[in-house]
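Labels below follow one simple rule: chain letters A, B, ... track the order of the sequence lines, proteins then strands, and each chain is numbered from 1. Every value quoted in this text rests on a predicted model; they were computed, and no experiment measured them.
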Amino acid sequence: MSHTKPKVRTRFAPSPTGYLHVGGARTALFNYLYARAMKGTFIVRIEDTDVERSTEESYNQMLESLAWLGLDWDEGPGVGGPHESYRQSERIEIYREHAAKLVAEKKAYYCFCTAEELEIKKKKREGMGLPPVYDGKCRSLSDEEVKVKLDQKTGHTIRFKTLDKEIIVRDIVQGDVKFDTAIIGDFIIIKSNDYPSYNFAVVIDDHLMEINHVIRGVGHLSNTPRQILIYHAFDWNEPAWAHVSEIVGSDHKKLSKRHGATSITAFRDMGYPREAFINYMSLLGWSPPGGKEFMSEADITGQFDIARCSKSPAMFDVFDLSKAGEVELNLLSAKELENYLFAKSKLNWLSNQHIRALTEEEYLERIFPFVSDCNCIPENELKKDNENLKSILLSLRVYLDYLQQIRHYICDFYADIEPTHEANEWLTRENGSKIVKSLFENLNSIHDFSAENIQKAFSTVSAETSIKGKELFMTIRSAATGKVHGLELPVYLSLLGKKRVIHRLEKLI
RNA sequence: GUCCCCUUCGUCUAGUGGUUAGGACUCGGGAUUUUCAUUCCCGCAACAGGGGUUCAAUUCCCCUAGGGGACGCCA
């Protein structure tokens, strides 16, 4: 008889209290990657038990960001699954039932202490240098006393009865970590508003949803003993734990809003391919055994192993905070954000590689929205099936780190040009106008404005003017494009088209 | 304050009780490209500090510093 290993089930469980940021996205990614690598199931569950802070807007944006990253969940909001609902706010009864069971078994108890009372006690203990744990006052209430208070509708919480013992968290990335329950105390599992606390709801849901691998930020490590206590109280099996390092900003502090634009949508809006962003995030705290860092999603899932994750925090430093100063980066548009980006970040390098790895169709499809955003292209030319536009976009892609950058290049093909200072220097040289005149004549006589024919015309110009080499070509480049850098010249001119080139030259004569 | 965790080039990281401490991005130089980009080659650059243990420590132990987290009716 062969026993089959249970399928790996992982989950990402965000609370909808803000946008999905890089830290959360990386956690989601690792859960997703591990599930895919192990041919398991990836679940998304929404932890919205904080009624004050949870918003519908955040809920929607969270799912939208996950969907953009392509972290398709097998069970969760929108797709359903065998353990619905996947929103904690719709599972409240489940938590209450489970809490009642613990109370009945004397593993938890009603607590009638008020928030004010607790606050005073906490201060006092702190003053004495003791850990501010609950003193267990209501633990000893008799059933009768409890019944009376309950009948009087006295406000209450339910606390877990924490027994003295040492808890060891056996963690795949952190190793064995010991905790003493003395500093935990009797913690609340049901809040006075009758909603479950995080530590309680998480355990109930993870168990019921058959999650067997909990992958999350190391910030949760010290919550884990509480959760283990609850697993034990119900006599449930613990999942495997994996607490991965947090992501920090360039100031070495945990990523937060002040680090700016850590929202996933900001990167989407700038035109980073989702493949690139995933590739980059996968490298934050994990490294492929082979060492090759430019990877497709399939490359990554083929190699991903949670056991190879690092304990030390990774820095997410694509933004130059010193340049930003007091600017609130999160409020900037995608275009403005560009000014604060480190142009030569690894993210940009990866992104450039991914853009170039896209199929032509895929690339054109994705870049078009960014192109139509540039106002320089005449409406009659701004068509998805415009072959000339397509060729231009294709030739430009090697320059792009993210799709939005197209606006820095595309207008050179359409707008009227103003020669740069350097270009003017070539044009105003002794032979400048001679070259431009000859060029004009020779290009004007071409019928098929192909790169080959343009190249031939260059030869004729060279023969006519007795000028060759750098002077010839830089002058031509300056005249036709107004710049001293750019694409290969014959190709460039053929993409520009005869009409525009001739028009530009005419203005210089 | 108490407890827990972390620290390898600027950044992401590999790795080991004996290695010229490896790779990638960035940066510098060179080749190719009559330009830029691409591509290729070469180079700069790190084991936080101090004590142990050991024939030998970046690796194991302790301390210090720095960073993070928990001690919530937040998740």
For [X], which contact category applies under a 4.0 Å heavy-atom criterion: base, sugar-phosphate, or nothing?
X: A:Glu488; answer: base
X: A:Gly285; answer: sugar-phosphate
X: A:Ser192; answer: base
X: A:Ser310; answer: nothing
X: A:His243; answer: nothing
X: A:Lys470; answer: base
X: A:Arg53; answer: base
X: A:Arg308; answer: sugar-phosphate
X: A:Arg397; answer: nothing
X: A:Lys122; answer: sugar-phosphate
X: A:Thr49; answer: sugar-phosphate
X: A:Val484; answer: base
X: A:Thr157; answer: base
X: A:Glu422; answer: nothing

Tell me: [atom1] of [X] to [atom2] of [N], nearest whole Å?
X: A:Leu347; N: B:rC25; atom1: CG; atom2: P; value: 14 Å
X: A:Leu118; N: B:rC73; atom1: CG; atom2: P; value: 7 Å
X: A:Trp286; N: B:rU13; atom1: CH2; atom2: P; value: 12 Å
X: A:Glu52; N: B:rG72; atom1: CD; atom2: P; value: 19 Å
X: A:Asp320; N: B:rU26; atom1: CG; atom2: C1'; value: 14 Å
X: A:Phe316; N: B:rG67; atom1: CZ; atom2: C1'; value: 20 Å
X: A:Met295; N: B:rA24; atom1: CE; atom2: C1'; value: 11 Å
X: A:Leu284; N: B:rU13; atom1: CG; atom2: P; value: 6 Å

Could you work out which one of [options] sits closest to the side chain of [X]?
X: A:Gln174; options: B:rC5, B:rC73, B:rC3; value: B:rC5
X: A:Lys311; options: B:rU35, B:rC71, B:rC5; value: B:rC5
X: A:Val398; options: B:rU13, B:rU35, B:rA37; value: B:rA37
X: A:Asp317; options: B:rA75, B:rC71, B:rU11; value: B:rU11
X: A:His220; options: B:rU26, B:rA70, B:rA75; value: B:rA75
X: A:Val177; options: B:rC5, B:rG72, B:rC71; value: B:rC5
X: A:Leu283; options: B:rC74, B:rU39, B:rC12; value: B:rC12
X: A:Lys344; options: B:rC27, B:rA75, B:rC71; value: B:rC27

Could you let me know what [N] is paired to, Watson-Crick or G-U wobble, both distances under 3.5 Å, or none if it's on its own?
N: B:rU7; answer: B:rA65
N: B:rG43; answer: B:rC27
N: B:rA56; answer: none
N: B:rU20; answer: none

For the [atom1] atoms, the ones on [N] and on [M], what distance do you get once it is rounded to whole angstrom?
N: B:rU7; M: B:rG15; atom1: P; result: 13 Å
N: B:rG10; M: B:rG52; atom1: C1'; result: 32 Å
N: B:rA14; M: B:rG29; atom1: P; result: 31 Å
N: B:rC27; M: B:rG17; atom1: C1'; result: 35 Å
N: B:rU39; M: B:rC47; atom1: P; result: 31 Å
N: B:rU32; M: B:rG22; atom1: P; result: 30 Å
N: B:rU19; M: B:rC4; atom1: C1'; result: 34 Å
N: B:rA45; M: B:rU13; atom1: P; result: 23 Å

Checklist line | Over all atoms of both residues, closest heavy-atom pair of A:Ile228 and A:Ile168 | finding: CD1-O, 4.0 Å
Taking [X] first and then [Y], would you say they form a salt bridge - that is, a charged N and a carboxylate O separated by under 4.0 Å?
X: A:Lys123; Y: A:Glu119; result: yes
X: A:Glu297; Y: A:Arg274; result: yes
X: A:Arg170; Y: A:Glu238; result: no
X: A:Glu56; Y: A:Arg87; result: yes

For the base of [N], is there a side-chain donor-acceptor partner from [X] under 3.5 Å away?
X: A:Lys346; N: B:rC12; answer: yes
X: A:Glu293; N: B:rG23; answer: yes
X: A:Asn199; N: B:rA75; answer: no
X: A:Tyr399; N: B:rC36; answer: yes

Check: Any chance the rings of A:Phe187 and A:Phe160 have centres within less than 6.0 Å?
Finding: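 Distance test on ring centres: under 6.0 Å, yes.
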Item checked: Aromatic ring proximity A:Phe30/A:Phe304, centre distance under 6.0 Å -> yes
Item checked: Residues forming a side-chain contact (heavy atoms from CB on, under 4.5 Å) with A:Ser391, sequence neighbours excluded -> A:Leu495
Next item on the list: Using the closest heavy atom to pick a nucleotide of RNA chain B for each, name whichever of A:Val218 or A:Gly469 lands nearer the 5' end.
Entry: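 Of the two residues, A:Gly469 wins.
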Notebook entry, point to check: Of A:Phe179 and A:His485, whose closest RNA chain B nucleotide lies nearer the 5' terminus?
Noted result: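 Looking at RNA chain B, the more 5' nearest nucleotide goes with A:Phe179.
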Show every donor-acceptor pair shorter than 3.5 Å between a side-chain atom in residues 278-290 of chain A and any protein atom, with sequence neighbours excluded, or say none if there are none.
{"from": "A:Asn279", "atom 1": "OD1", "to": "A:Met295", "atom 2": "N", "distance (Å)": "2.8"}
{"from": "A:Asn279", "atom 1": "OD1", "to": "A:His354", "atom 2": "NE2", "distance (Å)": "2.9"}
{"from": "A:Asn279", "atom 1": "ND2", "to": "A:Glu293", "atom 2": "O", "distance (Å)": "2.9"}
{"from": "A:Ser282", "atom 1": "OG", "to": "A:Asn279", "atom 2": "O", "distance (Å)": "2.7"}
{"from": "A:Ser287", "atom 1": "OG", "to": "A:Arg308", "atom 2": "NH2", "distance (Å)": "3.3"}

Check: Reckon A:Gln353 has a side-chain N or O less than 4.0 Å from the OP1 or OP2 of B:rU39?
Finding: yes
Next item on the list: Take A:Arg91 and A:Leu208 through the test side chain to side chain contact (heavy atoms under 4.5 Å, CB included) and record every step on the way to the result.
Entry: CA-CA 11 Å; A:Arg91 301 170 62 79; A:Leu208 260 24; 3.8 Å; yes
